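Down below is the structure, laid out as structure tokens.
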Amino acid sequence: MLKPLEAPPVDHLDQLEARSVHILREAYANFKQLCMLWSIGKDSTVLLWLARKAFFGHVPVPLVHIDTSYKIPEMIAYRDRLAIEWNLTMIVGQNTEALLAKRTFPEGAVDRIACCGLLKTEALKHTLSGEWPRRRLNLKSGQYEPDRNTEPFTGVIVGARADEEGSRSKERYFSPRTNANAWDVGEQPPEFWNQYKTEFAPGTHVRIHPLLDWTELNIWEYIRREQIPTVSLYYDHGSGRRYRSLGCGPCTQCVESGARDVPEIIEELKSGKFANIAERSGRAQDRDDGGGLETLRRDGYM
Amino acid sequence: MLTATATLPTDHRRLNLVIGGHVDHGKSTIIGRLLADTRSLPEGKLEQVRARCERNSKPFEYAFLLDALKDEQAQGITIDAARVFFKTAQRPYILIDAPGHIEFLRNLITGAARAEAALLVIDAKEGVRENSRRHGYMMGMLGIRQLVVLVNKMDLVGYDREVFRRIEAEFRAFLSQLGVKPDGFIPVSGREGDNIASRAAAMPWYQGPTVLETLDRFRSEEPDSDKPFRMAVQDVYKFTGQGDERRIVAGTIDSGRVSAGEEVVFYPSGKRSKVASIEVFSRAPQSAAKAGEATGFTLAEQIYLSRGEIATVAGQPRLQVVTRLKASIFWLGREPLVKQKDYVLKLGSARVPVRVEEIHRVLDASTLDVDDAKSQVDRHEVAECTLRTSRPIACDLASDLAATSRFVLVEDYEIRGGGIVREALPDAAGKGAVPFAARHHQRALVLVAAGERGPAMKADDGLLDAGRIATCLGLESSSEETLRRISEAAQLLRDAGVILVAGPAEPTTERGSVLEPC
Ligand SMILES: Nc1nc2c(ncn2[C@@H]2O[C@H](COP(=O)(O)OP(=O)(O)OP(=O)(O)O)[C@@H](O)[C@H]2O)c(=O)[nH]1
Ligand SMILES: [Mg+2]
């Protein structure tokens with residue numbers, strides 16, 4: 001019969017951290033052309049911190065940031081500051097063509113979903129494949145220069161969480177993408193006993209998701225415990241508004257919240273006004289149609 | 001507004017729980033209902049799903065709260081397992097809603113392998129079906145030891161106690177054939193919410209716990225820190241370019257614990273060294289690490305190590321080092337598992353080519369019918385096979401340590417099957433060079449002592465004193481046949497892991513000095 005519950009001796013954050021570190025190390029050992037996407041948001045920054053844990057203070061994996069040019073300027077300053085401080089290989093990619101042609105949602109040329117497709121998905125696809133220019137931060141001069149590495153990345157580490165929305169709840173830790181960058185969600189490979197899809201056919205690549213088991217609350221609890229530096233946009237500075245999730249300026253709305261620091265955000269998530277409100281409810285592209293994000297993700301969106 | 005929340009459930013370990021059972025028996029409905037009735041859904045979610053159903057003129061289903069993919073909603077079926085975050089006052093959970101359709105068995109396995117406990121759903125009207133049994137079998141094989149069975153759709157059978165009893169008896173009998181003892185049976189209706197989050201007035205004859213209460217009765221599984229130490233080497237890091245001279249052996253501890261100063265032995269190589277320090281980043285220094293931790297340590301003596309090795313602590317039960325092993329395997333590939341093909345076996349961080357030497361018996365995991373004559377293992381079948389790897393691998397037997405006995409089989413870049421090591425077998429020639437040497441904690445060697453007999457004897461004595469298994473072999477005779485026999489004997493001794501010191505049988509005047517490994 002069932003036995004009564006005993007006191008749990010291991011902290012749940014330790015559990016989550018260990019699993020993520022294990023996955024990062026598996027990725028590093030198995031993928032020669034490996035990179036990590038860094039959106040500057042809290043999740044991928046936690047991921048970056050976990051990489052420093054996994055590799056004992058180093059980040060031996062290049063970080064890729066897709067710059068839509070609509071990111072809030074403070075995010076870019078924070079990105080370059082940490083890159084220099086933490087000795088990161090910082091790569092930036094962009095859909096310059098679409099931006100020059102003004103084929104964007106803020107310019108009124110296309111709808112939100114199409115804009116995401118162009119500025120994020122397309123830019124990501126071609127930056128990963130090496131077809132489009134990659135710019136790399138020179139840590140001495142602080143300037144971006146063309147990167148000499150144009151090899152396609154075959155392993156891409158992404159900070160997606162299963163609690164964000166429906167299609168992410170079905171993701172694998174190691175999730176294959178076809179050579180067209182597509183995600184076949186009906187045909188995902190099995191994954192069990194700490195054995196992952198680390199072998200892949202030429203032309204295909206694998207998305208690696210070390211944060212799948214983390215919730216938004218776990219992310220903040222970990223930021224507090226580890227004292228990870230975050231962008232100040234997440235906090236209220238007196239206006240009674242703050243960002244809960246960071247994306248492009250035009251498509252990410254502030255939330256009404258007076259949380260001024262990490263403990264107050266945690267409190268708000270645990271029992272306050274956001275305890276029952278989904279994080280991405282501030283993201284417009286998720287709402288346009290029931291499966292909007294699934295459609296984006298099948299095409300290679302993060 | 002900040003209040004102390006020291007007793008909040010997030011201080012607890014999270015429990016992973018899988019929900020399995022035959023297709024359409026109501027798994028997603030039960031979880032959806034559980035979320036709705038405990039007010040665990042994000043605000044507006046229920047209304048959003050109801051509105052979408054109305055727009056598409058489809059009846060509302062609680063299952064749509066979980067079946068998020070367009071294809072899933074269109075077909076009214078779960079395709080891939082969803083992680084659902086859920087918490088009670090007691091602790092947080094990840095509920096893994098697995099698909100019941102046989103086509104997606106790999107997704108059930110993916111979900112179930114992450115779980116420490118399981119709910120198995122059986123439709124009261126349809127009764128025990130093929131995948132009710134198969135899922136029960138697979139859950140056992142994947143190592144889930146806590147199981148509660150939900151008899152669902154009781155509303156369709158008039159909440160009849162007899163129906164419930166009949167199903168309970170039938171399924172108990174099946175599980176007992178597998179050696180699985182369920183922790184309970186609960187009559188429920190997912191659609192009506194009976195015995196899900198609250199007790200059902202319609203079934204006064206049932207006095208046991210509701211589904212919600214049952215969750216909190218499962219135990220979180222502790223990592224096995226009291227078992228022998230096992231850590232598959234994921235990598236050896238040296239970031240010299242960054243001015244870091246440490247050489248760190250990194251991995252996640254499967255079982256046991258290790259401390260600085262302890263002697264460690266790596267298998268299959270048998271190499272040994274001492275742990276100099278446990279390494280951490282941005283965390284309080286520690287002198288020991290235990291099961292469940294993703295850790296790293298430096299060694300006192302630099303030895304060459306790579307992925308594929310498993311670290312153990314000297315003096316604790318050793319690993320098996322084998323090229324032949326007997327295993328229980330489940331197969332998921334569309335193409336059958338056959339003897340003629342090459343596969344790759346992955347266990348821990350090891351990755352070795354492997355072939356099936358013998359298929360002993362094939363089992364239908366649903367009917368438990370056994371076939372001793374089959375020469376291949378078809379999709380979704382379970383089999384007992386002898387495997388032969390092209391290089392020695394280190395492993396444990398399932399009866400000793402579960403984690404290090406588990407492996408997967410890869411074909412054409414894909415994981416096609418999983419297995420558990422049941423038995424270590426001697427290698428093809430009936431020998432076991434690697435295992436024996438490793439068992440004696442030494443490298444099998446033939447040392448040739450040139451010169452008089454003294455040095456050979458002395459070396460032998462010295463080795464024996466040092467606790468090695470060594471013997472001395474005289475090399476006087478010049479007869480070719482004798483030499484052939486001697487060399488054969490030397491070979492056998494080496495294979496047995498013995499250190500052999502060969503030298504002249506009788507003292508000569510020449511003074512020997514060299515001891516050369518060969
Ligand atoms: N009458 C009745 N119908 C139910 C009950 N539970 C589920 N159903 C119905 O059974 C059908 C299948 O339910 P699901 O929850 O999708 O079944 P499932 O086990 O998740 O199916 P798969 O995931 O595809 O294997 C749906 O139409 C549900 O409305 C119940 O308690 N009573
Ligand atoms: Mg379902």
Side-chain angles (χ1 to χ4, degrees), chain A residues 1-6 8-10 12 14-15 17-18 21-22 25-26 28-29 52-58 60 87 162-163 165-167 169-170 172 185-186 188-195 197 199-201 212-213 215 217 221 226 263-264 267 270-272 276-278 281 290-291 294, chain B residues 1-2 5 8 10 12-14 42-43 45 52 68-71 79-85 90-92 94 106-107 109-110 113 142 183-184 214 216-220 222 234-235 237 239 242 244 246 248 250 252 279 281-282 292-294 296 307 332 346 349 406 408 410 413-415 418:
Chain A
M1 272 320 284
L2 295 166
K3 295 204 185 91
L5 188 75
E6 285 155 32
V10 180
H12 68 294
D14 291 331
Q15 255 180 310
E17 180 190 84
V21 164
H22 183 85
R25 288 174 176 169
E26 280 303 287
Y28 184 59
R52 299 179 84 207
K53 287 258 175 179
F55 308 112
F56 303 96
H58 308 287
N87 198 18
D163 74 331
E165 47 83 38
S167 73
S169 80
K170 312 231 166 197
R172 297 286 191 267
V185 14
Q188 300 201 81
E191 180 172 82
F192 49 94
W193 294 342
N194 273 348
Q195 298 292 349
K197 168 144 179 93
E199 342 237 324
F200 52 95
L212 278 187
D213 296 338
T215 61
L217 177 60
E221 288 173 325
E226 302 286 321
E264 290 189 8
E267 205 42 51
K270 271 187 172 169
S271 48
N276 265 326
I277 296 178
S281 54
E294 182 191 337
Chain B
M1 252 220 33
L2 295 184
T5 50
L8 274 186
T10 42
H12 295 257
R13 272 171 65 91
R14 181 187 264 166
E43 214 174 274
K45 175 89 185 200
R52 198 179 324 133
L69 303 176
K70 287 176 176 174
D71 288 347
I79 292 174
D80 211 331
R83 287 175 175 78
V84 181
F85 296 83
Q90 187 79 266
R91 67 173 154 208
I94 294 186
R106 64 179 187 285
N107 299 338
I109 287 170
T110 299
L142 290 165
D183 294 301
T214 290
D216 285 344
R217 294 193 184 196
F218 287 122
R219 281 159 285 121
S220 283
E222 297 302 324
Q234 276 187 290
D235 230 323
Y237 298 130
F239 299 108
Q242 321 287 320
D244 188 342
R246 291 173 300 174
I248 305 173
T252 305
E279 292 296 325
F281 169 74
S282 188
E293 285 183 53
R307 267 175 81 82
L332 303 168
K346 297 211 297 186
S349 55
R406 294 168 174 166
V408 299
V410 175
Y413 312 114
E414 303 295 344
I415 293 175

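None of these values were measured; they are calculated from a predicted model.
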- Item | Top contributor to chain B interface from A/Gly57, A/Ser167, A/Gly166 [non-hydrogen pairs under 4.5 Å] | A/Gly57
- Message: If we ignore hydrogens and angles and just use 3.5 Å, is the side chain of B/Glu414 paired with the main-chain N or O of A/Pro189 as donor and acceptor?
- Response: no
- Item | Note, B/Asn107 side chain near A/Arg172 side chain (heavy atom, < 4.5 Å) | yes
- Message: If you compare all heavy atoms of B/Gln234 against all heavy atoms of A/Glu26, which two are closest, and at what distance to 0.1 Å?
- Response: NE2-OE2, 2.8 Å
- Item | Shortest non-hydrogen separation from A/Ala54 to B/Tyr237 and the atoms involved | O-CE1, 3.8 Å
- Might you point out which heavy atoms bring B/Ala68 and A/Lys170 nearest each other, and give the distance in Å? N-CE, 4.3 Å
- Task: Evaluate the side-chain proximity of A/Trp193 to B/Lys346: yes if any heavy-atom separation is below 4.5 Å, no if none is.
- Result: no
- The reported gap from CZ in A/Arg25 to OG in B/Ser349 (rounded to nearest 0.5 angstrom) is 12.0 Å
- Item | Residue part contacting chain A, namely of B/Asp80, when any heavy atom lies under 4.5 Å | both
- Closest non-hydrogen atoms of A/Ala29 and B/Asp235, given as atom of the first, atom of the second and distance, are CB-OD2, 3.5 Å
- Got a second to check how far B/Gln242's CD is from A/Asn87's CG, nearest 0.5 Å? 5.0 Å
- Message: Given heavy-atom pairs under 4.5 angstrom as the criterion, report whether the side chain, backbone, both or neither of B/Ile94 touches chain A.
- Response: side chain
- Message: Donor-acceptor pair, distance only, cut-off 3.5 Å: does the side chain of B/Arg14 make one with the backbone of A/Asp213?
- Response: yes
- Part of B/Ala82 within contact of chain A (heavy atom distance under 4.5 Å): both
- Note on the structure: Residues A/Phe55 and B/Phe239: closest non-hydrogen pair is O-CE1, 3.5 Å
- Task: Look up atom NZ in A/Lys197 and atom CD1 in B/Ile415, then write down how far apart they are to the nearest 0.5 Å.
- Result: 8.5 Å
- Select, from B/Ile79, B/Val408, B/Val410, the one with the greatest count of heavy-atom pairs under 4.5 Å involving chain A. B/Val408
- Message: At a 4.5 Å cut-off on heavy atoms, which part of A/His58 comes close to chain B: side chain, backbone, both, or neither?
- Response: side chain
- Query: Which bit of B/Leu332 is near chain A, if near means a heavy-atom gap under 4.5 Å: side chain, backbone, both or neither?
  - Reply: side chain
- Segment of B/Arg406 engaging chain A (4.5 angstrom heavy-atom cut-off): both
- Where is the tightest heavy-atom contact between B/Ala294 and A/His22, given as atom of each residue plus distance? CB-N, 4.5 Å
- Task: Check whether A/Phe56 gets within reach of chain B through its side chain, its backbone, both or neither, counting any heavy atom under 4.5 Å.
- Result: both
- Item | Top contributor to chain A interface from B/Val84, B/Ile248, B/Asp71 [non-hydrogen pairs under 4.5 Å] | B/Ile248
- Can any side-chain N or O of A/Arg52 pair as donor or acceptor with the backbone N or O of B/Ser282 at less than 3.5 Å? no
